[in-house]
Every structure is written in C-alpha cells, then in structure tokens.
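Counting from 1, the numbers follow the sequence of the chain as shown.
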Amino acid sequence: MAERGVDVLLLSVGADLPYFCGYEAMPLERLTMLVVPRDGAATLVVPRMEAPRVAERPDVFEMRPWDETEDPVAIVAGLAGSASVAAVGDHMWSRFLVELIAAMPRTAWRRGSEVTAPIRSVKSSDEVERLRAAAAAVDRIAGRLQHGEIELVGRTEAEVSAELGRQIIAEGHDRVNFAIVAAGANAASPHHEPGARVIGADEVVLCDFGGTMVGDDGVGYCSDITRCVYTGEPPPEFRELYDVLVEAQEAGVAAAEVGVGAQDVDRAARSIIAAAGYGQHFVHRTGHGIGTEAHEDPYIVEGNVEPLQAGNVFSVEPGIYVPGRWGTRLEDIVAASLAGPDPLNRADHRLAVVA
Ligand code: ZN
Ligand code: ZN
Ligand code: ZN
C-alpha cells in the first residue's frame, strides 16, 4: 500500500477477502467490508447476523458487527478516516461504492487489485501444493474420460456436464465452477453452454471443467483442465489439427520460464498455430492466472510484458475453433518456478478415442 500510495484498502465480496482473512462475504444487500488502513489495525465490518460465521482472527483483524438499523457505509467511512486514496475490491457491488464515494467526498478511488493482485499472483509453496492437489483431482476425472469410463454417446452434453460436476465434488472439491461439454460443431464455441444436444458417434467432445477446494483456513484453490476425446476414429484432418494444438500447448509450457514476459508464452503457442495456417481460428488469449479465483492475474496475452515470477500459476490453453465444423483445446495449469515450468496437470495429451 505504501509503494502504491494507498491509504486504505476496502475489501468486500470477491476472492480478496477470504484470501486475506479467511472469511468469504455473503453477496447481500447488507455490507461486509474489511477496512485495512496502511498504518493501523484491520477491521471487519460485518452484519451482526453473519458474525457467527466468521472465524475470529484477533491477530489479523478486529470485528465490528453492525446492527440492522445502523449505517454500515458510515461505519466504513469513519474507520477509513481521512484517507486521500482508497483502493476498493474490484468485485464490490457498485451500489456500495456509489454510497462510499458520497460518504468520502475528498477521497480518490483506485482498484483494489492494484494492491492485491501482485500479492495474490505470487503463490507460496503451500499454495502451489494446494493447486497441485486440485489439479490431480481433475486429472483423475480426465483420465476416466480418456479411458471411456464416462459414457458419452447417447447422452446429452448437459447430462455429461452434470456427471463431471458430481465427480468434481466426489474428488474433493467443495464447489463446481464450470463443466463445459461441447460436442461436434459446438466445440467451435470456446465457452459453449452444455445443452440438450445428444452426443453422437464420430465426433469431438471438448470437456473443460474445474472447481474449488476449500482448506481448513477457509481459503479455496481452483482447478481448471481441458481435454478432448473423439467418439470413434478421428478423420486425418482432425488428427492434423490436434497434433498442431499439442505442439503449440507444449511450446507454451516450455516457454514459461521465470523472467520471460507473459506475452512470450502466448507467442510461443500462437506462432505454431499460425504457421500451420489456423491463426485466425485461435480466438482467445493463451491463458489466465489461477488461485483463489478461477481467472486472475497474470494473464497470458499479447501486451502483457510483465516477466513471469517464481510462484505465478496460470493456464496454458491454446485452442483451434473452426465454426460450423469442430473445435479443440488443450489446457494445463502450470507453475513458473526457478527449476523451470512445472505443469500441475499430468493427464495424457494424446487424443483419446472412446467408444
Ligand atoms: Zn475459459
Ligand atoms: Zn478451462
Ligand atoms: Zn482456463
């Protein structure tokens, strides 16, 4: 905060609050807010009815429960005092921000992520191990998918998505964040919503799924993996496309050395896809950071020149999408480390042929 000239940090709903104090705010009309002055003790302003859910940490924050007839915005403004610069959590509801701006008219406002992202994006070895455990859990599901142990043909995308969701929980996650199942031409839409489409023989099935594993400290870490399988022998044209994808994904991972610009990981993957003539079909960035949020800093995208640091954890997930025809993506979570890129996912990269 001192480095960035921030006098007070205000955190409400979103991943910052549990990261720093182990408590996740209910997304409610009642304001919960951690007030962190640059010099001074942090205070958790919390509705009295939610206070029993807070694991008290007197070493980390004081509690200020508020009663139904009190004005929590006035309480926060009082605690924030005469802050000239306040940084407010990126995901806080605008209704509260609008009220805070009115209550603190002489304060300049900045995004909370200016303070929190540089901290959250560098994982400790304990955090990397928690992300590795979450990755291993979805790897086991991917393995079953690749071995034909999750029935596909004859079921709808939505049914398979629900099944993946159940397995995500059974493998130790507390929440399912998403379970994309996209068959055939639907796989050309990167974030396809699984629906009533029945999966047939001889088509690609793209599955991208992940959840959150919450530890004893109340902080959850996310998984995220994409694997494609083919329900029958893939045509040579698809095999070619998939081989290019694997080469691009592995080049992206290999490039993810400490000190390399994030955009250079994107370039390593993208240049292979472009050289094979599919450049216009790779329509998204190569990856995103992952931690207590499924998508967070650092973003692996052209224009992000920030050098990778040991402890950055992010996805490397190039895709090739041919509208009306098919699509494919391969995604692993990778930790940058001084010993080199450390892929947390270990599920097979080869295209599995399932019945
Ligand atoms: Zn995505
Ligand atoms: Zn994914
Ligand atoms: Zn992802």
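- Only one option out of Val258, Val122, Ile300 pairs with Asn312 in a side-chain contact (heavy atoms from CB on, under 4.5 Å); it is Val122.
- Ring pair His281/Tyr278 is tilted by interplanar angle, where 30° to 60° counts as tilted.
- Closest heavy-atom contact between Pro234 and Val353: CD-CG2, 3.7 Å.
- With no hydrogens or angles considered, a side-chain donor-acceptor pair links Asp90 and Ser113 at under 3.5 Å.
- A salt bridge links Arg132 with Asp342: at least one charged nitrogen is closer than 4.0 Å to a carboxylate oxygen.
- No donor-acceptor contact under 3.5 angstrom links the side chains of His288 and Glu293, judged on distance only.
- Side chain to side chain, Thr116 and Asp16 meet the donor-acceptor criterion of an N or O pair below 3.5 Å.
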Exercise for review: Just do the side-chain contact (heavy atoms from CB on, under 4.5 Å) check on Phe61 and Val54 with the steps written out, would you?
Suggested key: CA-CA 11 Å; Phe61 58 88; Val54 179; 3.9 Å; yes
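- Under the 3.5 Å distance criterion, with hydrogens and angles disregarded, a donor-acceptor pair is assigned to the side chains of His173 and Ser223.
- With 3.5 Å as the limit, one finds no donor-acceptor pair spanning the side chains of Thr212 and Asp174.
- Arg329 contributes no side-chain N or O that, together with a main-chain N or O of Asp208, makes up a donor-acceptor pair within less than 3.5 Å.
- Counting only N and O atoms by type, the side chains of Tyr221 and Glu127 include a donor and acceptor under 3.5 Å apart.
- Put simply, the side chain of Asp266 gets close to the backbone of Thr286: a donor and an acceptor are under 3.5 Å apart.
- Residue pairs that meet the side-chain hydrogen bond (donor to acceptor under 3.5 Å, both in side chains) test with at least one member in residues 23-37, sequence neighbours left out, are Tyr23-Arg53, Arg30-Glu68.
- Scanning both residues, Asp348 and Gln146, for their nearest heavy atoms gives O-NE2, 2.9 Å.
- A single hydrophobic cluster is not seen to contain both Val160 and Val153; linkage of ILVMFWY side chains at heavy-atom distances under 4.5 Å, directly or through other members, places them apart.
- No salt bridge links Glu114 with Arg120; every basic N to acidic carboxylate O contact stays at or beyond 4.0 Å.
- Put simply, the side chain of Ser121 never gets that close to the backbone of Pro298: no donor and acceptor are under 3.5 Å apart.
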Review point. Between Val354 and Tyr230, is a side-chain contact (heavy atoms from CB on, under 4.5 Å) present by the stated rule, with each step listed?
Key: CA-CA 6 Å; Val354 298; Tyr230 217 94; over 6 Å; no
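- Minimum interatomic distance between Leu11 and Phe20 (heavy atoms only, all atoms of both residues): CD1-CD1, 3.8 Å.
- Looking at Glu50, its side chain never comes within 3.5 Å of a backbone N or O of Pro47 through a donor-acceptor pair.
- The neighbour count for Arg350 CZ, taken as heavy atoms of other residues, nucleotides or ligands under 6.0 Å away, does not exceed 12.
- In terms of heavy-atom proximity, Ala80 sits nearest to Val35 at N-CG1, 4.3 Å.
- Between Val219 and Pro18 the shortest heavy-atom distance is CG2-O, 3.3 Å.
- Classified by interplanar angle (parallel below 30°, tilted 30° to 60°, perpendicular above 60°), the ring pair His284/Tyr321 is tilted.
- A donor-acceptor pair under 3.5 Å is formed between the side chain of Asn345 and the backbone N or O of Ile333.
- Looking at Glu203 and Arg325, no side-chain N of the basic residue comes within less than 4.0 Å of a carboxylate O on the acidic one, giving no salt bridge.
- Put simply, OG on Ser161 and CD on Glu193 are 8.0 Å apart, with the number rounded to the nearest 0.5 Å.
- Side chain of Trp109 to backbone of Thr107: a donor-acceptor contact under 3.5 angstrom is found.
- Looking at Asp7 and Arg110, no side-chain N of the basic residue comes within less than 4.0 Å of a carboxylate O on the acidic one, giving no salt bridge.
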